[in-house]
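Numbered from 1 within each chain, the chains take letters A, B, ... in sequence-line order.
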Amino acid sequence: MNARVWLIKSEPVKYPWSKMLEEGRTFWDGVRNHQAKNNLLAMRSGDFAFFYHSNEGMEIVGLVQVVQEAYPDPTAQEGPWVVVDVVPVASLPKPVGLAQLKSDPICSQMALVRQSRLSVCPVTEAEFQRICEMADWNPPV
DNA sequence: GCCAACGTTGGC
DNA sequence: GCCAACGTTGGC
């Protein structure tokens, strides 16, 4: 695939996957970390992102697609913060938990695992394939 | 509930 | 410019 793959985190208490499905489209706000912001800026329309539940659940539950590239965060008073717009693509048949990722030779090297506080991180092609496999899912790409 | 990782702030 | 103090995130 040409599109790149990312992973975005959300606490289910604040914005669960069920709400993403319900709303159909949202802007991804709240990023206040420069590394995460740079990742948002690097996203292109058509890129995909796994949707990860942090804190509670601690698992990848779905895939979204970027439909609007970075623009200023409407919820930020000031600063360089940006958001992107995403739409849900699919729920994973089997969510993939953090423990599973950690025990997998490919996925244990993920930015998600190595840098637990980074809320927007890149996913490699190999990691993407492996996660789809673990999720019992054939990506429509 | 605790703690590690890490970013930010402010004194010097 | 360094570093201690502190706040936040997120896993356990």
Below 30° counts as parallel, above 60° as perpendicular, anything between as tilted: where do the rings of A:W81 and A:H34 land?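 Rings of A:W81 and A:H34: tilted, 30 to 60°.
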Any pair with a residue in [range] that passes salt bridge (Lys or Arg N to Asp or Glu O under 4.0 Å), sequence neighbours left out, goes on the list, sorted by first then second residue, please.
range                      : answer
residues 30-41 of chain A  : A:R32-A:D73
residues 99-124 of chain A : A:D104-A:R130
residues 83-101 of chain A : A:R25-A:D85, A:K94-A:D136
residues 43-56 of chain A  : A:R44-A:E69

Between A:Y52 and C:dG11, is there a side-chain N or O to OP1/OP2 distance below 4.0 Å?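 Yes.
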When every nucleotide of nucleotides 1-8 of chain B is labelled 5' to 3' by its protein contacts under 4.0 Å (heavy atoms), B for base, S for sugar-phosphate only, - for none, what sequence of letters results? ----BBSS
Would you say A:E133 and A:Q129 are linked by a side-chain donor-acceptor pair, where the criterion is simply a distance under 3.5 Å?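 A:E133 and A:Q129 do not have a side-chain donor-acceptor pair below 3.5 Å.
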Could you list by number each residue of residues 6-16 of chain A showing a heavy-atom separation from DNA chain B of less than 4.0 Å, or answer none if no residue does?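 Correct list: empty, so none.
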Using a 4.5 Å cut-off on heavy atoms from C-beta on, say whether the side chain of A:V82 contacts that of A:L41.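 Answer yes - side chains close enough.
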In whole angstrom, give the distance that lies between atom CD1 of A:I60 and atom P of C:dG11.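 Those two atoms, CD1 and P, are 12 Å apart.
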Is A:M20 reachable from A:L92 through a run of I, L, V, M, F, W or Y residues, each pair having side-chain heavy atoms under 4.5 Å apart?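 They do not share one cluster, since no chain of ILVMFWY contacts under 4.5 Å joins A:L92 to A:M20.
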